[in-house]
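Here's the structure we're looking at; comments come further down.
As a basis for the values below, the full set of heavy atoms in this structure was taken, side chains included, without hydrogen atoms, waters or symmetry mates. The sequence lines fix the lettering, A, B, ..., with proteins before strands; numbering per chain opens at 1.
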Amino acid sequence: MSKYRLTQLKALEAESIHIMREVVAEFRNPVMLYSIGKDSSVMLHLARKAFYPAPLPFPLLHVDTAYKFPEMYEFREWFVKEIGAELIVRRNEDAINKGMNPKGFGVARCCGALKTQGLLDALEEGNYDAAFGGARRDEERSRAKERVFSIRDEFGQWDPKNQRPELWDVYNGRIHEGESVRVFPLSNWTEMDIWLYIREENIPIVPLYYAKERLMVERGNLLIPYYEKTKDQLLKGEEPTMVMSRFRTLGCMPCTGAVRSHATTIDEIVAEAAAARRSERETRIIDHGANTMEDKKKEGYF
Amino acid sequence: MTANINFKLSQTIQLLRLATVGSVDDGKSTLIGRLLVDTKGAFEDQLLSVTRKKGAASEAEVDLAMLTDGLSAEREQGITIDVAYRYFATPKRKFIMADCPGHEQYTRNMVTGASTANAAIILIDARNGVMPQTKRHTHILSLLGTPHLVVAINKMDMVDYDQSIFEKIRADITAYCAKQGIKDLICIPISALHGDMVVTRGDSMSWYKDRTLLETLESIEVTDHIERLPFRFAVQYINRPQTEELPDFRGYCGRINSGIVRTGDTVTLLPSGKTSRIKEIVTFDGTPDEAFAPQSVTLTLVDDIDISRGDMIVHSDSTPEIRKEIEALVCWIGDEPLVARKKYIIKQTTNSVRAVAMDIVYRTDIHTLNQDNADELGVNEIGRVRFKLAQPIYCDAYADNRATGSFIIIDTFTNITIGAGMICG
Ligand SMILES: Nc1nc2c(ncn2[C@@H]2O[C@H](COP(=O)(O)OP(=O)(O)O)[C@@H](O)[C@H]2O)c(=O)[nH]1
């Protein structure tokens, strides 16, 4: 390969950095949504590259549902300190205090309150006009059409029929007062790219991504992690057993399934991702209704 | 994709950005579904979700088109209404495919999808041959300067895989393209539905000896050699940490638009015209001696010079034009027409300037390619327009340099992107 060719990972990296700098240059008050997952880890790594040697010119925002895995909170505290970033954590305390949970209220309502409402409130409170998200277009069918710069109205809503065309790499960041933009610097990355990049760049990720013997409950095809805090979310008669398993995506404990796996190293994860015949989204319980993602997005979900 | 291949993959694999265009029902969705399925770019659960409705059991019965139809609105209407991006990879390449809708009122989406593409697949239904839409799309691709065009003549199964039909269409489209200066045109007969000549050869077209579609996509040059062009660096962002460790650091962030830059190079800064030298190329991964397009880097200069976003750093021996008046080919994508004397915002590289449309030099009739007089450019129309700018921009002709020759036009009132412009030499 000629010395003036970029590998696909370096091409994606250059594109993501370009996007992040455009936002910081054109917006008044950007924030980066940090979900603690592997995509967030990559996005954050790219942000550090984009603004090196300066510290990140924006804070990280974690919209916490109180249902994240203990390992995720632990990782969050360590990682954020490690890279010297500013972290803001926001929760929909109202709903949490009312005992919002997926089993009692339904997954859609629970997500709506803890994630969507939590996010919208936090964005409004912080008066952010741009928010970076780690969503990728390959994740889900309706995301395939998401723009890199996704304009939201005053209510944070997305209109799939009224998106701005994006030409070349010239992004239109002009918005009206009250509007905001969600920016997806990882739009063109696939799950495979993410893993390859994590391997190439040695990016730290939550240990839950690596296989280990873990307490799991089997429900149909799903492996549901067993934790004290969420055991009341299980159905009658469900009993945990130890299963060698790992997570392909990370979300809330009651709604994130694991997969059987023996991949304990990044190389093994890459190999597994390459051979995977089912999408990573399948282990997200929240996707199991018809068309859910698109509906949620119209309402303002990331 | 197999696991062992992927271990080496990240070191050598390159990225090809593709656009797929065609008229409604030419089989675009089916083709993309076929590519996804045959390269294992679609997962089983995604396949299941599109078979479930039909009660189909085998892959053969998967509705390939459904795989790519994303939004509920278009599932209801049965047409594709917006550019969708698809990803698939082979052991040789990763592909980003912009799936551009063929419906007339959505030409803007085609311009969008094709603007970043290094190659485009144009679909033709073998039963219909070259249609007006095909011509429109081909013309837009030629304006956008898409480096490689591949014509996939689809539904060959419906014309008995007849070679003479393929040859006739190939002759027609080649002749049309020649009129527009497109020379390298690859034509491939395929059946997206059955898979012939897409990923595998099939056994119905032994008369066709050239590469399959996927082999073609794997062999196309992924680059348009922008590193061989003169060095252009539009300043995106000024990096001034002002921290205890770095009180005086001042770096200019940007994505190299074209060319190569080396430490020590003599550069000119626009608009001031001052010269300086490159002190360092700063990156998270170290300070390389050189960097090239399209890398994102941070440059520091030997001298302390006032530079802001939108300025441009270039090699002193090859500077771009500094223009307050431009003539450009414009693809209009706004609902309200472009009219003379109206004010717009033009964003070119990282520079946003106010502009007035002076006059429309001509409007191209997409069918005849004739240049007509016109008072306005309506949605989906293409024409040559003169603009006067409130501040100068630093640009090259689009034909010479896509990055510095392109711009978007923004409505001053709605903030929506309403036009795509390509600067004429
Ligand atoms: N016989 C045959 N039918 C095809 C082929 N490709 C697509 N079709 C059919 O043509 C129709 C339109 O295809 P679709 O992919 O939806 O077209 P699009 O509008 O260009 O996306 C569908 O009924 C397809 O099954 C092909 O190669 N052979």
Side-chain angles (χ1 to χ4, degrees), chain A residues 1 4-15 17-18 21-22 24-25 48-55 137-138 141-142 144-145 160-161 163-170 172 174-176 187-188 190 192-193 196-197 199-200 267 270-272 274-279 281-282 291 294, chain B residues 1-3 6-7 9-15 43-46 70-73 81-87 89 94 96 108-109 111-112 115-116 223 227 236-237 239 241 243 246 249 253 255 260 282-284 292 294-296 298 309 333 347-348 350 402 406-408 410 415-417 420:
Chain A
M1 203 159 70
Y4 300 117
R5 297 283 173 287
L6 294 177
T7 64
Q8 125 258 22
L9 291 179
K10 289 292 168 192
L12 291 170
E13 176 186 274
E15 176 182 274
I17 291 175
H18 170 79
R21 289 169 170 175
E22 269 313 269
V24 171
R48 294 173 69 200
K49 287 199 173 195
F51 301 101
Y52 176 87
R137 288 190 188 124
D138 83 320
R141 276 200 285 167
S142 78
K145 305 201 167 184
K161 286 198 184 158
Q163 296 196 79
R164 292 177 185 176
E166 283 175 347
L167 297 131
W168 299 287
D169 57 2
V170 189
N172 175 359
R174 301 182 80 90
I175 52 170
H176 290 293
S187 285
N188 284 328
T190 61
M192 192 62 197
D193 298 326
L196 290 171
Y197 192 68
R199 183 179 66 175
E200 194 164 295
D267 280 344
V270 168
E272 224 179 71
R277 297 304 307 129
R278 306 182 83 80
S279 78
R281 284 252 142 214
E282 209 197 29
N291 218 9
E294 190 186 336
Chain B
M1 285 204 294
T2 60
N6 265 291
F7 278 109
L9 190 133
S10 62
Q11 304 310 319
T12 53
I13 203 170
Q14 289 184 285
L15 189 61
F43 290 112
E44 273 170 16
D45 48 319
Q46 292 166 338
L71 305 177
S72 59
I81 55 166
D82 202 349
V83 183
Y85 292 87
R86 313 287 167 198
Y87 303 84
K94 168 175 170 167
I96 299 179
R108 63 173 203 146
N109 292 314
V111 179
T112 304
S115 69
T116 50
T223 163
E227 83 282 357
Q236 243 193 313
Y237 174 73
N239 193 346
T243 54
L246 298 161
F249 182 89
C253 300
R255 189 173 188 184
I260 302 171
V282 179
T283 76
F284 185 85
F292 56 93
Q295 287 178 323
S296 285
T298 299
R309 172 174 164 85
I333 51 194
K347 184 173 178 189
Q348 176 252 5
T350 57
R402 276 220 252 181
S406 55
F407 61 87
I408 60 172
I410 300 169
N415 284 336
I416 289 174
T417 306

Non-hydrogen side-chain atoms of A:R164 and B:N415 separated by less than 4.5 Å: yes
Close side-chain approach of A:V170 to B:Q348, heavy-atom, < 4.5 Å: no
Spatial distance of atom CG (A:L196) from atom NZ (B:K94) [nearest 0.5 Å]: 9.5 Å
Rounded distance [0.5 Å steps], OG1 in B:T112 versus CD in A:E166: 8.5 Å
Residue part contacting chain A, namely of B:K347, when any heavy atom lies under 4.5 Å: both
Contact origin within B:E227 toward chain A - heavy atom pairs under 4.5 Å: side chain
Least distance between heavy atoms, A:A14 atom then B:P294 atom: CB-O, 3.4 Å
Flag side-chain contact, heavy atom, 4.5 Å: A:Y52 against B:N239: no
Side chain, backbone, both or neither of B:T243 within contact of chain A (heavy atoms, under 4.5 Å): side chain
Top contributor to chain B contacts, counting heavy-atom pairs under 4.5 Å, from A:D169, A:N188, A:T190: A:N188
Contacting moiety of A:P53, where chain B heavy atoms sit under 4.5 Å: both
Test: A:R21 cationic atom under 6.0 Å from B:Y237 six-membered ring centre, within 45° of axis: no
Contacts of type side chain to side chain donor-acceptor pair (under 3.5 Å), residue A:S187, not counting sequence neighbours: none
Heavy-atom pairs under 4.5 Å with chain B, option from A:L12, A:V24, A:N172, A:I17 with the top count: A:N172
Candidate pair A:E22 and B:R309, rule salt bridge (charged side-chain N to carboxylate O under 4.0 Å, His left out), full reasoning: CA-CA 10 Å; A:E22 269 313 269; B:R309 172 174 164 85; 3.0 Å; yes
Side-chain heavy-atom pair B:S406, A:L167 within 4.5 angstrom cut-off: no
Donor + acceptor pair across side chains of A:D193, B:Y87 (<3.5 Å): no
Side-chain donor/acceptor of B:Q236 to backbone N/O of A:H18, under 3.5 Å: yes
Side chains of A:R174 and B:I410 in contact at under 4.5 Å (non-hydrogen atoms): yes
Carboxylate-amine/guanidinium proximity below 4.0 Å for B:R255 and A:E15: no
Close side-chain approach of B:F292 to A:L6, heavy-atom, < 4.5 Å: yes
